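For reference, the structure is listed below as structure tokens.
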Amino acid sequence: CVQVLLLLMQSTRSFFRVLFPVEPIPMHSHNLLRGDDAMLIPTGRPGATAEVRGGTAVPALSGTVHFYPMWGGVLIVAQFRGLPRSGEGIFGFHIHQGGSCNGPDFGDTGSHFDFGSTRHPNHAGDMLPLFRCCGGRAYLSFVTSRFSVNDVIGRTVVVHSGADDFRTQPAGNAGRKIGCGVIRRN
């Protein structure tokens, strides 16, 4: 999986570095991956970013979500702090249709972003969950081919109060909206 991701990144001419080992290794190196703990982190400018803030229920919540265009998809890199203690420490994380974080409990965000009448969890905006650790922090990085960066500009990223069950319609029973950010072009 990492080797395929590396090939995709090289084909887009994006610049990446390896965090393990600590010393950066150039992209052209044959020894780019050393061990199972190697992680690829983008160093180029993302195509879009959402600055997430908490609402009245969790005002300490904040985070940044970057969207990097890649050949065949989008690399999403998200970092959060201030996630509350919850039963499981798992939080639903989605892109919503609306373009505003206004309204009570971020009500103006609307439903999950989708191109048609797809059922949950197959909406274009259904993403992997956030896992709370390290004093309320979370980090998530993954690639999706469900949308392009241009498709999500002006939409919202939402953090929910609970885990997405990936079954319940229409939105996975993930609880109320506790964090929101508008996706803006960089």
Side-chain angles (χ1 to χ4, degrees), residues 1-6 8-9 14 16 19 36-42 46-54 58 61-98 101 106 109-115 118-153 155-183:
C1 179
V2 172
Q3 291 171 339
V4 171
L5 182 59
L6 177 60
L8 289 173
M9 289 184 284
S14 296
F16 289 81
L19 276 188
D36 293 335
D37 295 328
M39 293 190 333
L40 298 172
I41 302 296
T49 300
E51 295 294 334
V52 177
R53 64 174 174 81
V58 188
L61 174 61
S62 65
T64 304
V65 183
H66 295 294
F67 298 83
Y68 294 88
M70 295 180 57
W71 178 82
V74 177
L75 172 64
I76 298 168
V77 178
Q79 297 180 59
F80 290 90
R81 63 182 167 274
L83 287 165
R85 292 186 187 272
S86 72
E88 300 173 332
I90 303 171
F91 300 86
F93 182 51
H94 307 104
I95 297 173
H96 283 244
Q97 296 276 16
C101 291
F106 304 118
T109 60
S111 59
H112 292 186
F113 167 60
D114 198 31
F115 293 107
T118 308
R119 293 175 54 87
H120 185 73
N122 297 313
H123 299 129
D126 291 339
M127 298 195 287
L128 299 172
L130 298 171
F131 291 88
R132 181 189 188 279
C133 76
C134 316
R137 296 180 183 270
Y139 174 84
L140 176 65
S141 178
F142 66 98
V143 175
T144 182
S145 60
R146 290 183 174 186
F147 54 81
S148 71
V149 171
N150 287 334
D151 293 331
V152 297
I153 300 291
R155 302 195 187 279
T156 49
V157 171
V158 172
V159 177
H160 292 267
S161 61
D164 186 329
D165 66 15
F166 298 102
R167 290 183 309 273
T168 306
Q169 299 303 315
N173 197 28
R176 69 180 191 266
K177 300 169 185 174
I178 61 170
C180 180
V182 177
I183 303 168

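Quantities reported herein were computed from a predicted structural model and do not represent experimental measurements.
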What's the verdict on side-chain contact (heavy atoms from CB on, under 4.5 Å) for Asp126 and His112, showing C-alpha distance, side-chain angles and the deciding distance? CA-CA 7 Å; Asp126 291 339; His112 292 186; 2.7 Å; yes
Do [X] and [Y] have side-chain heavy atoms sitting under 4.5 Å apart?
{"X": "Val149", "Y": "Tyr68", "value": "no"}
{"X": "Pro46", "Y": "Phe67", "value": "no"}
{"X": "Tyr139", "Y": "Val77", "value": "yes"}
{"X": "Val158", "Y": "Phe106", "value": "no"}
{"X": "Val58", "Y": "Val159", "value": "no"}
{"X": "Thr64", "Y": "Thr49", "value": "yes"}

Would you confirm whether [X], through its side chain, and [Y], through its main-chain N or O, come within 3.5 Å as a donor-acceptor pair?
{"X": "Arg132", "Y": "Pro84", "result": "yes"}
{"X": "Glu51", "Y": "Gly181", "result": "no"}
{"X": "Ser161", "Y": "Arg176", "result": "yes"}
{"X": "His96", "Y": "Gly110", "result": "yes"}
{"X": "Arg155", "Y": "Gln97", "result": "yes"}

Where [X] and [Y] come nearest, the two heavy atoms and their spacing:
{"X": "Val52", "Y": "Gly179", "result": "CG1-C, 3.9 Å"}
{"X": "Pro69", "Y": "Gly47", "result": "CD-N, 3.7 Å"}
{"X": "Thr109", "Y": "Cys101", "result": "CG2-CA, 4.4 Å"}

Determine whether Ile183 and Val157 satisfy the following criterion, side-chain contact (heavy atoms from CB on, under 4.5 Å), listing intermediate values before the conclusion. CA-CA 7 Å; Ile183 303 168; Val157 171; 3.6 Å; yes
What is the distance from atom [atom1] of [X] to atom [atom2] of [Y], rounded to the nearest 0.5 Å?
{"X": "Phe147", "Y": "Asp114", "atom1": "CZ", "atom2": "CG", "result": "11.5 Å"}
{"X": "Leu61", "Y": "Arg53", "atom1": "CG", "atom2": "CZ", "result": "10.5 Å"}
{"X": "Met127", "Y": "Phe113", "atom1": "CE", "atom2": "CZ", "result": "11.0 Å"}
{"X": "Ile95", "Y": "Ile76", "atom1": "CD1", "atom2": "CD1", "result": "5.5 Å"}

Is the His94 ring parallel, tilted or perpendicular to the His160 ring (thresholds 30°, 60°)? perpendicular
Do Asn122 and Thr118 have side-chain atoms, one donor and one acceptor, less than 3.5 Å apart? no
Among Asp165, Asn173, Asp164, find the one that has a side-chain hydrogen bond (donor to acceptor under 3.5 Å, both in side chains) with His120. Asp164
State yes or no: are the ring centers of Phe142 and Phe93 separated by less than 6.0 Å? no
